[in-house]
Each structure stands twice: as C-alpha cells, then as structure tokens.
Amino acid sequence: MAQVFPAERELRRVIGAGHSVPDRALEGVGERELLELYRSLVLLRTYDERSVVYHRQGRIGTYAIFWNHEAMQAGAVHALEEQDWIFPSYRESAIGLLRGMPASTVLSWWRGHPAGWWNPADYNVASICVPIGTHVPHAAGLAWGKRLAGEDAVAIAFFGDGATSEGSFHEGANFAAVMRAPLILFCNNNQWAISTPLDAQTRAETLADKAVGYGMPGVRVDGLDVLAVYEATREAVARARAGDGPTFIEAVHYRAAPHATADDPRVYIDLERVEEERQRECVGRYERYLRRLGVLSDEQAEQIRGEAAETMRRGIAQAEAEPAADVALLFEHAYADGRVAFASELAELRRLTGGTEAVEPDEGPEVQV
Amino acid sequence: MAQVFPAERELRRVIGAGHSVPDRALEGVGERELLELYRSLVLLRTYDERSVVYHRQGRIGTYAIFWNHEAMQAGAVHALEEQDWIFPSYRESAIGLLRGMPASTVLSWWRGHPAGWWNPADYNVASICVPIGTHVPHAAGLAWGKRLAGEDAVAIAFFGDGATSEGSFHEGANFAAVMRAPLILFCNNNQWAISTPLDAQTRAETLADKAVGYGMPGVRVDGLDVLAVYEATREAVARARAGDGPTFIEAVHYRAAPHATADDPRVYIDLERVEEERQRECVGRYERYLRRLGVLSDEQAEQIRGEAAETMRRGIAQAEAEPAADVALLFEHAYADGRVAFASELAELRRLTGGTEAVEPDEGPEVQV
Amino acid sequence: MNDALHVELERDDSVLVMGEDVGRAGGVFRATAGLRDRFGPDRCVDTPLAEAGILGTAVGLCMAGWRPVCEMQYDAFSYPCLDQLITHVGRYRWRTGGGMEFPVTIRMPYGGGVRAPELHDDSPETYYVHTPGVKVAIPSTPADAKGLLAAAIRDPDPVVVLEPKLIYRGVAEEVPEGEHVVPLGRARVAREGSDLTLVAYGAMVALAERAAAGLADEASVEIVDVRTLKPLDEEALLASAAKTGRVVIVQEAPRTCGYGAELAAILAEKAILDLRGPVLRVTGYDVPYPYWQIEDAYMPSIDRVVDAARKLLEF
Amino acid sequence: MNDALHVELERDDSVLVMGEDVGRAGGVFRATAGLRDRFGPDRCVDTPLAEAGILGTAVGLCMAGWRPVCEMQYDAFSYPCLDQLITHVGRYRWRTGGGMEFPVTIRMPYGGGVRAPELHDDSPETYYVHTPGVKVAIPSTPADAKGLLAAAIRDPDPVVVLEPKLIYRGVAEEVPEGEHVVPLGRARVAREGSDLTLVAYGAMVALAERAAAGLADEASVEIVDVRTLKPLDEEALLASAAKTGRVVIVQEAPRTCGYGAELAAILAEKAILDLRGPVLRVTGYDVPYPYWQIEDAYMPSIDRVVDAARKLLEF
Ligand SMILES: Cc1ncc(C[n+]2csc(CCOP(=O)(O)OP(=O)(O)O)c2C)c(N)n1
Ligand SMILES: Cc1ncc(C[n+]2csc(CCOP(=O)(O)OP(=O)(O)O)c2C)c(N)n1
Ligand SMILES: [Mg+2]
Ligand SMILES: [Mg+2]
C-alpha cells in the first residue's frame, strides 16, 4: 500500500530538460501510447486556443481558458479505462474530447445552446461543474456506488487549488475515504483562484498535506509534465481498483493565462512570473521529449496538428449550424414529465412569441465565469 | 514555533496512575490553581449529574450529558484569560458556569425558557451551538476580528469528533489559519457521534492529522487528564497570543454515557468497553492526583462538593421560579425594532390567548438532541 | 415510514438508505430501525456527519444507478444540503438533457411542537418548494406517511418528504400493510363542508380538524389536506374554493413567502370570482422558532384558526 | 455600489468588506475596486473560496464589533451560505435576548439576462425573504443601489442586498454624490397611473416601464418599485391597489413561492374589496434557469406583461 503519512513534498517528474536534467524512464508505455498522449495534448491545446479566438470573434460566450493545463487533463485521463468516470470543472470543459465527444457539443455549451447538453452515461463524463468543489461529493458517490454495485469503475474529480477551501471538497473527500471509494481527487494547483493567490487560500505547506487528514495518500506532481501526471494517476487508479480507496494528487504549476476571457490578470498578477511560466509550456515540452526519444517526426506532428485544427473547424461549423433552440426545451427536462406538466406555460409562450431566434453573445461588459 | 508537520501521535499526559505510572511535573501551577481546577471539575460534574436527575424528574427537557467530559472543559478554560472567548457546543452547555454564569441560566436553556438567553459579551461565552460545527467559523471570525481591532483576545471552539466531517468545521479552520486568527480548535474526541463510531467518520489515523492540511500544529492529549489538557491549551493560547495563529487540539477519550437523555446506547455500543471507561473517570483521577500531592484534604473536598451541590439547588430553584415567559418575547428580539414591527401580531395574540402558562416537558417519546 | 422503507428496499434492490445514525441506531425517530440488520450496512448506511456530503454523494449514487433515500436528522439540519439541492439535485436531469435520472428521496422529521431545543422545530418547506426540479410531499397521517414515501422512492425525480414529528408520536392509526402507494400530486379532502375551506398540510391538518369541530355549530367546514405541495393538486384547491367561497390557509412555517402565500396567490388569480371574502392565512411568525415554553404561542392554534374562520364567515 | 462602499468605509471604521476577489481584483463586477488600495487589505479582505466560511466568520466579526459587508460572487454561489444565514445570522440576536447586534450586509450580483453560463443567473430572493431575522433589499436603479446599500450597512440587523446585474451594465445614470441613504422599508412609485398597477423590483422595474409605455394608449399604468422586500412597504402596495383595482406582479424568480406569491397573498387578504379582477403574476418558470440562447423566453418579457395587463383590463 502507498504511504499515507506524511504526504509527499517533492514534485514527481518524468520529463527532463535536455542534457542538464535527464528524462526518467517510464515503464510500460510504448510508442503508440506516447503518440496518443501527444494527440490528446495537441487536441486540447488547439481547442483552447481556437476557443479564445472564437470568443474574440463573438462566436462563443465567456470562456474559461485552460492554456497550459493540458498536460494534467491528458495525462490523467490517459490513465483511465473507458468504464471510468470523469468529473470535470469548468476548467476541464473540453475533456470530453478525449472520450470522443464532438467539439461542437462543448462549443455549444459555451455558446449557451442546449446542444451543449450531453448524457454523461454516453461518455462517462459528468456535466461540467460550475459551482466550485460541489462535484467532489458526486464523484465520491459515483465511485462508491459503482463499487457497491460490484462494477469495476474508478472516478476522477478535477478541481482547483481554490476548491480545497470549500466545505463540499472536504465532505466529498472524507466520504470517499470512509467509503473506500475508488476515486482520484485531482487538484489542479495553478496557484490562483481568479485573483486570489494560494497563500491567501491556505497555510498548508502543500495541498497534498490535506490528504493526511483524510487518511489517504497525497501525491505531488509537476503539472506540466504529462508523463509524471500519467504515472501518478496510473498508480492511484491501481490503488483504487485494488479496493484501497482514494488518492489525492496535487499537480503543481502556475496559471499563465487569464482566469477566463472576462478576466484581466494584469491588475493582480506578476507579469514577469507569467512570462517565465509561459516558457515552461507543457505541449512543447512534451514534444521536445518525444523528439529526444525520436518517436515524433515533423510530418507526424504536422498531421496531428492538422487533424486537431480540422476537428475545431468542423466543431464550430456544426455548433453554428445548430438550429435555434426551441423554447420547449425550457420545460422538457426539468422533470420526467416536463412537457406534460408545463403544457399550458409552453402554449402561452408559443402564442406570445411565435418562434425563437438564436441569440448571440451580448455586447456590454462580459461576465466572469 | 511549534511543529506544524507532522501532527503528534502520542497522547500527552501529566497525571500518572500512582506508582506504576509516575505523575509528570507541570510548571508554573501552584496549589491555589490546582484547587481551582478541582472546584471547576466538581462543579461541572455536579451540574451534569444533577441535570440527569432533573430530567428524570421532568424538571428539564432533553439534555445532552457531558459526564466524563469535564476534564477537557475545565482544563481548557483554565488556560484562558477573562477577555478570551469560549464557543461551546451543546456538549459544553454548562461551561459558562466557569465564567460565573448562574446555573439557573443554563438550566433555563434546557427548560426551553427564554431566561436561558444570555448576552455572550457578559461572559465572553457565545451561545450554545446546536447545529454541529457551525460555530467554528464564528470563533474564527471573532478571533480574527479581535486581532484586527488590536485587542488581545483568544477564542476557543469546542466540538466533537463527528463535527470534523462537516464543511463548516473545514471552512472555519481554514479561515482561522489563513487569517492567523488566535484560535484554539478544541476537538472532544469521544469516539462517537451519537451511534456513529469514529471509524465510520474518518480514515485519518488521528484527528490531529487534520491540522496538517490547514498548516497548523496538531496536538493530542488525554482527554481525561485535566492537567494535560490545561498544559496543551496553555501552549496553544501562548502561540495564539504571540500571533502565530491557531492550534488544533485533539482530546481523546471514550464516551461512557449516553449521547443525551433520549439516547439508548445499548443498541450500538460495547457495554464492556463503557464499563472500563467509567473506571477511568476524570474527576476521581484528578482527586487521587491531588491527594498524592497532598493538596486536597477531605474537608476541602467535602466543602467544594457541598458548594457545587448548593449552586445546583439554588440554580434549579431559580429556574423554576422564573415567571412564565411572556409571548412578547416571540417578537421582541428578532429584529432591533421587533416590538414595533410585530405590534399587530402581538396584539392579536394577546387578544386571543390572554396570558401564557408555563409549559412542562412533554410526555410522549423524547426528542434526541 | 419504517414499514414503507422495508417494503421498498425489499421490492427494488437499487434502493438504499443513508444518513446519520440510520444504521446501528435505526434513526433518531426509529424510522430506519431494523433495516441494517435486514439489508446489511451497504443498503442502510451510517454516513459521516455531513449533510451536504450525504446529498452530494447521493447525486453520484444516482449516476451509478442507485435510488438513494437520504435522511436528514432534523429539519434545521437539512440546511447544509440546500446548496447541493438547488445547484445540482434540481438541475442535473435538465443538465443532461433528460439523459439521466436523479430519483433521490430526501426525508426528514419536520415541524415544531415537541418541546425540543432550538433548531429541532423548523418548517423549511418553502426552501424546497421554491427550488425547480424538486417535488415536495408532507403527509398528515401515518398511512399517508407510508404511501407518500413509497411514491417518492418510486418517482423518477427528486422528492423531499417532510414528516411531521407529531405523527411519529401520534396515536397509532391503522396503516395499510404491504405495498401502499399514495400518488404524488393528489390532495385529500379530509372533511367535507360547504361554508368555508381550511387548507392545511402536515400537523396542521389535525389542528384544522379540531378547529372545524369547534366551529361545527356555526359552519360546515371543509378541510383540504394538500399532501403534495409540488406538484400541487390545483383542481382540488379550486374546487373547494368554488364550493365554499371562503378559504383560510393554515401553515406552521414563517409567514412571508410561506407555502400559504402560494396557495393564496393561486386563489387570487384563479378563484377571484368565487371568493366571498379575503383569503386568510394563519401561520407561524416571521421570527426565529422560539424556546419551547412559548412555542404554543408561535404555532397556529385552534383559537387563531377559529378566529380567522369567524372573521371570514362574518365578512 | 462602489461609491457607497467608499463612503461607508470612510465614515465608519468598523465597516469591513470581505469576499472572493474583492481586494486585489476589486470584485468581478468591480463593485469593490479601489477599496483595498484606499483602506488596506484588512478592511477589504480577499477571503478563501468558501461562502459558508465568509458568512460564518462574519458572524464572529460582528461579535468582535465589526460591521462586515460580505460579497457573494454570484447569486447561485450564495447557496452554500444559506445554512449560516438560516441557523445563525437570522437568529443570533434573538438567541442573545437582544444583547448583541449582527449588522452584517450580504451583497451579490443578482438575476439573469447577461448571457452567462449556468448558475450565474439566479434570483434567490425567496430563500432570503423567507428567513426570519433577515431583511432584503433589491434596487432597480444605480441611485437606489447606492442608497439601499448604505442603509443596509448602517442597519443594526442583517440585510441582504441583491444587485441586478443589468444595473451594473445599465446606462450611466446620475448618482447622488457623497452620503446617500435610501431608507429600508419604503417603496417607490416609479410611475403614476390610475388603471392598473405593475408591481416589480430589480431589473423587472425597467421591464415594467417599457411595458407601461407600450400600454400607454390603452391604460394609465402605475408602477410600484418594491425596493425593500422585507420589511415590505405594505401601505404603498395597498394604496396603489386601492387606486387602480388591478394588479400585475412581475418577478424574475421561479413562480412557486416566489416573492410575487407573498404580494398576491397580501392583496388577497387586505385588498379583496378593491380588486376589480384577479391578481396576475408574470414570473420565471419553475424550471432551472436555462442556457442563455433561450433565456429571453424564460424571463418575463414585455409581451407577457402586456398580455397579462390586457387580460386584466378586459376582465
Ligand atoms: C461556489 C462557487 N463560488 C464562487 C465561484 C466563482 N469562481 C469561479 S472560478 C473561481 C476560482 C476557482 O479557483 P480554483 O479552484 O483554484 O480553480 P481554477 O479556476 O484556478 O482552475 C471562482 C471563485 C464559483 N464558480 N463557485
Ligand atoms: C448540522 C447537524 N447535523 C446533525 C445534528 C444532530 N446531532 C446532534 S449531536 C450529533 C453527533 C455529534 O457528534 P460529535 O461531533 O462527535 O460530538 P459529541 O456529541 O460526541 O460531543 C448529531 C448528528 C446536529 N445537531 N447538527
Ligand atoms: Mg486555481
Ligand atoms: Mg463525539
């Protein structure tokens, strides 16, 4: 069994930095897998960068940027099996892409269009959680419930450093530990909660230290090292499957982009530090690693990037081609018998409004997510 | 500075067990203080035992028994100065007695009579907190606020092992740490939350381990050793006053009485273990210690017990002599201008009911606290 | 209650009971007694002391195919779970475009009058009723307590069942054995009458009955027991108002935005031509629930109901 | 808002602002911009991300003599603090027999219509209004936003101030400089009229004004801007109802047990002889606030208000 006390202090790393810091060997990962990881990283990066552009063009609404968070998302998801469940926050909005969800679905979500709905059971990806930390108990419950049902499924919940201050994080983590739920608590410690720095969030020496209080292992990993993330998650998944309960993973990095499109970090952040962090960007870092290993050619890289770009082109086109949402959708899914229960309200609305037209993102100051 | 990481494992003890386990020396505590502590212990014990009798006699309502929790309450409060604030749960309902509150006030609280109200500022004792863990943020806020105001005051919040599962405990503890609030988080770990044992509450090896996740020292102490409790609290208070922030104290023992008068622990508890624990009862243990030191004579003990008994006799007599509560009290304190705002409601009530008569605790099955 | 739980756990092995002290102790009101022995600690789960955690994990349990029945130990201790209720329980089906169901039941002892310390006496139905995506039932008799709970557990949507404490203590009434389901959304005419309608639910129904008896010489009083606050049986309400033209609503909760306000608003919209006088509400006050020595003055009393009824009859 | 906060922190050094991102960033709607620079990080405090912790510590701050002004970042993110609100904030004065004051102010951006992701659009006033011991104000203009916030901060009791997001973005209106206090408990007649009354608050007042303009040829419409939901200016409501005999209530929140229900219930009790027709409510629906491409269909619209008014005029 992994250590429970004390939590780790050192950040685990696999990817080195050329000559000065050698790469560490990672067992059981072949070339195909390495390239798959690269594909995931590039897909997420492309999604994110295109989304910021779409936002500027007024084609999607407020958007929570995840630039340089891709290594955590791709690395962690890669350690899961298909039957395992992912519980994303707004920061992992596009994580469904790694499970085959069309880009248009996620873009529709950010366009405020009901085509952004998905059935979690179709991808084993829960809905995007907007209220901070409140999905941690959901993930704990799902993991516990699967175990009770004798199904072999693990869950992972993604949340930020700020989320660790919420009561719901605490209650969810504790339930998971008590129920020995097969859960990975994955903390994206980007050291900021919008404008609030980590040292105004906690006095803990490390966030992984919180694991101790729940009696679970706490692991720290370099959040920009996709292989270290993968390895740490793989270990946690193995523990979970073996019935040994949850693990807390703290992935450390530094937010090098605005919190969201509406945010102007210049009023609170140290811009030099951001510049520095942007240099340590995770996709390029992995690409250099692959090239050191000799498993990525220029053509392959080109092709993978091209595929991702194409996915996004298709995605936005599809999202924009969605017909205007019908107002019946206001009522249809609130209850199992929504359409019946709200028949008179719908009839009145139809009488007054005729159809509906698609609404575009507003002018005026944008709303923070 | 005290250690922050890792939390302690061993239980601190001062009082030994006669020849086999020698007493440890405790610095800076003279005879007078030792007797004062004894007086506090006896007062609390007497209060508790009498209350159970009063309950049986139908003179007070449901009552949360604190038998064998006296050492924690007396030891911790003894480490405070008068300007320091106490935030009790229902388990510490009578702790105000140690601050000069009349027994009749506390008894009135359990009699459901508004004479059970007190102004916290009169004793620096907050109101009894019924919803578990929700007073932890209050204590954190008060301690932080006093510090901000430049006042030298420390706060202590009492809560149970079960309370550590609540989000409000978590949020309050974290706020205290972040704000470096001069707070003592005093956890009465009696290993049961009504019928729920500690191992269904947490997988932490010790509750003190939770301190690590907040970046504060975690201390473990024998909850039946009034001097060990006093010493640990004194240390925490010193840290707090010095501006070094909060401390978590876990006082370990085992609940050897029902949760409350309405509770029947026989259906869930190990009665042999309870019998064993009742032998390790904290007042007698301290009394034997004092006698080993030769600072307590039979006459003194007799006198102190007599005083406590007299306090309770007077207390219940006063509480029972309270006039029936006026229905105006329904409205008077809800808002600053309650009497004005609810004038018509009160007039209507008076018209319909005339006066009010005192209500006695109901027959029928009793309600659990 | 206990009976309903036994039946439902027996009938559907995806039903699971969870909460504080529901297992080993069988619940502080013994509602879950015997379940742990019968169905094991995995289907009658003693949880950590964390109400938001209970309801939050129940959301995840639904996603894993379970039908959790969550007990909150007392009305006022359900407040920590409001966040999960409002942000997730009531919205998750909608959020999945109807793709997933959240058939969670939340039950709790409810209301005042039991001589308890503070926060053991609240009537929080407004917080639940106002929340979209959630249904709410409040039984007034042991038989309905069993039947509505069964209906709640079988319902595909989240249902909050508030169980008046006075029922737990009430006189033993005959409760139908075995399966007994009272469908959600149907009110009950607890007493037929023609001059005036008392609309009530929960423990207030018994109070209304006593008030009606007191008025027997003066007026023929009808009593509508709402039973399901959401969805409301609007027809039954309007039918009685049309019949008597005089309505007094009795509610234990604080007045402002209490459920009585909703009932009165519906009458003011849809029964305005039927009404022969004002719609009166007899309610708890907009103040904290008091210490028990004066709780009887806080609660709607027979006197207050009779007084309101007389006012209306004389209007 | 920003102006009011500057004035109040200046005038009373026991006033303290706290919340998520209120300091360094000045709040996500810039309501607290400049305060940290002007008054220091101890009087404009960036807190940890924990709403129950914010309100819970504020209770303690009150006990230490402070007058905390807590920001909740958005309406729907205030739900975690409901437990503290209901169990403590609204009861603590009562619990101390009036011995201590809890002059906490809770403010938050409020309501929909801003094309935001889910849970940035809620209208939670019912949860607040129904809670004993708490007052609630909702401004509809920038000047009232300043004045009501000032009144809230100076009030000895807990006050919740819900600030319609549409005001933050609204046209720049002249706001009185310096001290400006709009007393709690007084409604405002936003438009005089004699045939029909629209009762509204928050962003619905501007909607009512546009609807009234649309009805100008058909009827003389009066608009009552409630401003303070608790305590309510009942006189102003009843006076307008007596004058016009026709009332339409407009509310953005879900219908059932919304504040409009309380207004309608008061009218059904106290204005029954004045009413020339039913009391109509135009409200949000009892469903989760939708994705923003259809939010305009969820929100009360001019068409819906006009339609209701016409129905009533023709009744
Ligand atoms: C309960 C709740 N409170 C407040 C917010 C507003 N909010 C959105 S993101 C955010 C900061 C979150 O920080 P962190 O948890 O570190 O995650 P990150 O955004 O850095 O990924 C806040 C306060 C929210 N979404 N939910
Ligand atoms: C929020 C809340 N939930 C539930 C309860 C009911 N309740 C009263 S005491 C108790 C157990 C508390 O256990 P613990 O924290 O260990 O304290 P102890 O009673 O052992 O001193 C419970 C669940 C409550 N008072 N408040
Ligand atoms: Mg962060
Ligand atoms: Mg305990």
Side-chain angles (χ1 to χ4, degrees), chain A residues 85 87 109 114-122 124 126-149 151 153 155 157 166-179 181 183 329-341, chain C residues 13-14 16 18 40-43 45-68 70 80-81 83-84 86-104 132-135 155-159 184-185 230-231 234:
Chain A
W85 275 70
F87 287 77
W109 197 91
W117 279 330
W118 68 81
N119 181 345
D122 289 346
N124 294 346
S127 303
I128 294 168
C129 185
V130 171
I132 306 287
T134 54
H135 57 317
V136 175
H138 305 168
L142 177 112
W144 166 31
K146 289 287 185 186
R147 181 164 171 261
L148 273 189
E151 289 178 46
E166 287 279 9
S168 50
F169 156 75
H170 174 70
E171 299 190 10
N174 188 50
F175 261 77
V178 168
M179 304 305 176
L183 176 68
L329 288 175
L330 283 178
F331 307 107
E332 186 139 354
H333 306 302
Y335 293 93
D337 66 345
R339 203 180 257 270
V340 179
Chain C
D13 55 19
S14 68
L16 163 166
M18 61 195 286
D42 281 352
R43 299 220 19 235
V45 187
D46 276 329
T47 65
L49 212 176
E51 292 77 12
I54 292 170
L55 190 55
T57 51
V59 168
L61 286 167
C62 290
M63 298 176 91
W66 293 90
R67 301 179 90 85
C70 303
C81 85
D83 180 40
Q84 281 290 335
I86 305 170
T87 59
H88 292 299
V89 172
R91 299 189 208 231
Y92 224 127
R93 164 189 281 276
W94 160 82
R95 196 178 278 149
T96 68
M100 291 193 105
E101 284 193 346
F102 294 84
V104 61
V134 173
K135 299 176 180 174
D155 198 88
D157 292 318
V159 185
L184 300 179
K230 202 174 183 182
E234 209 175 273

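The shown structure was predicted, so the numbers you read here are calculated from the model rather than taken from an experiment. Here is how names work: the chains are called A, B, and so on, in the same order as the sequence lines, proteins then strands, and each is numbered from 1.
- Ring geometry, F175(A) versus W144(A): the interplanar angle falls from 30° to 60°, so the pair is classed tilted.
- One finds the CG atom of N124(A) at 9.5 Å from the CE atom of M63(C) (value rounded to the nearest 0.5 Å).
- Across D157(C), V59(C), T47(C), the residue that shares the most heavy-atom pairs under 4.5 angstrom with chain A is D157(C).
- Ranked by non-hydrogen atom pairs under 4.5 Å with chain C, the options A341(A), A334(A), S127(A) are led by S127(A).
- We find the CZ-NE2 distance between F169(A) and H135(A) to be 11.0 Å, quoted to the nearest 0.5 Å.
- Of all the listed residues (D122(A), I128(A), L142(A)), the one sharing the greatest number of non-hydrogen pairs under 4.5 Å with chain C is L142(A).
- Contact tally against chain A (heavy-atom pairs below 4.5 Å) for G98(C), G97(C), A64(C), G185(C): the top residue is G97(C).
- Formation of a donor-acceptor pair under 3.5 Å by the Q84(C) side chain with backbone atoms of T134(A) is found in this model.
- A side-chain donor from one of R95(C) and H88(C) sits under 3.5 Å from a side-chain acceptor of the other.
- Between chain A and the options G133(C), G99(C), P156(C), A58(C), heavy-atom pairs under 4.5 Å are most frequent for G133(C).
- Residues C129(A) and P131(A) approach most closely at SG-O, 3.4 Å, considering heavy atoms.
- Residues L183(A) and A139(A) share a closest heavy-atom pair of CD1-CB, 3.6 Å.
- If you tally non-hydrogen atom pairs under 4.5 Å between each of D83(C), T87(C), V134(C) and chain A, the highest count goes to V134(C).
- Counting heavy-atom pairs under 4.5 Å between each of A52(C), G65(C), G90(C) and chain A puts A52(C) at the top.
- In this structure, chain A has a heavy atom under 4.5 Å from the side chain of Y92(C), while its backbone stays farther away.
- In terms of non-hydrogen atom pairs under 4.5 Å with chain C, the most contact-rich of M179(A), H138(A), E171(A), E151(A) is H138(A).
- Using a 4.5 Å cut-off between heavy atoms, P231(C) does not touch chain A at all.
- Annotation: maximal heavy-atom pairing with chain A below 4.5 Å, among L16(C), L49(C), I54(C), occurs at I54(C).
- Contact check for W94(C) versus E332(A): no side-chain heavy atoms found under the 4.5 Å cut-off.
- Contacts between A181(A) and chain C at a heavy-atom distance below 4.5 Å are absent for every atom of the residue.
- With a threshold of 4.5 angstrom between heavy atoms, D13(C) does not approach chain A through any atom at all.
- With a threshold of 4.5 angstrom between heavy atoms, L55(C) does not approach chain A through any atom at all.
- With a 4.5 angstrom heavy-atom cutoff, D42(C) touches chain A via backbone and side-chain atoms both.
- You'll find the side chain of T96(C) stays beyond 4.5 Å of the side chain of W117(A), heavy atoms only.
- Shortest non-hydrogen contact noted between G145(A) and L61(C) is CA-CD2, 3.5 Å.
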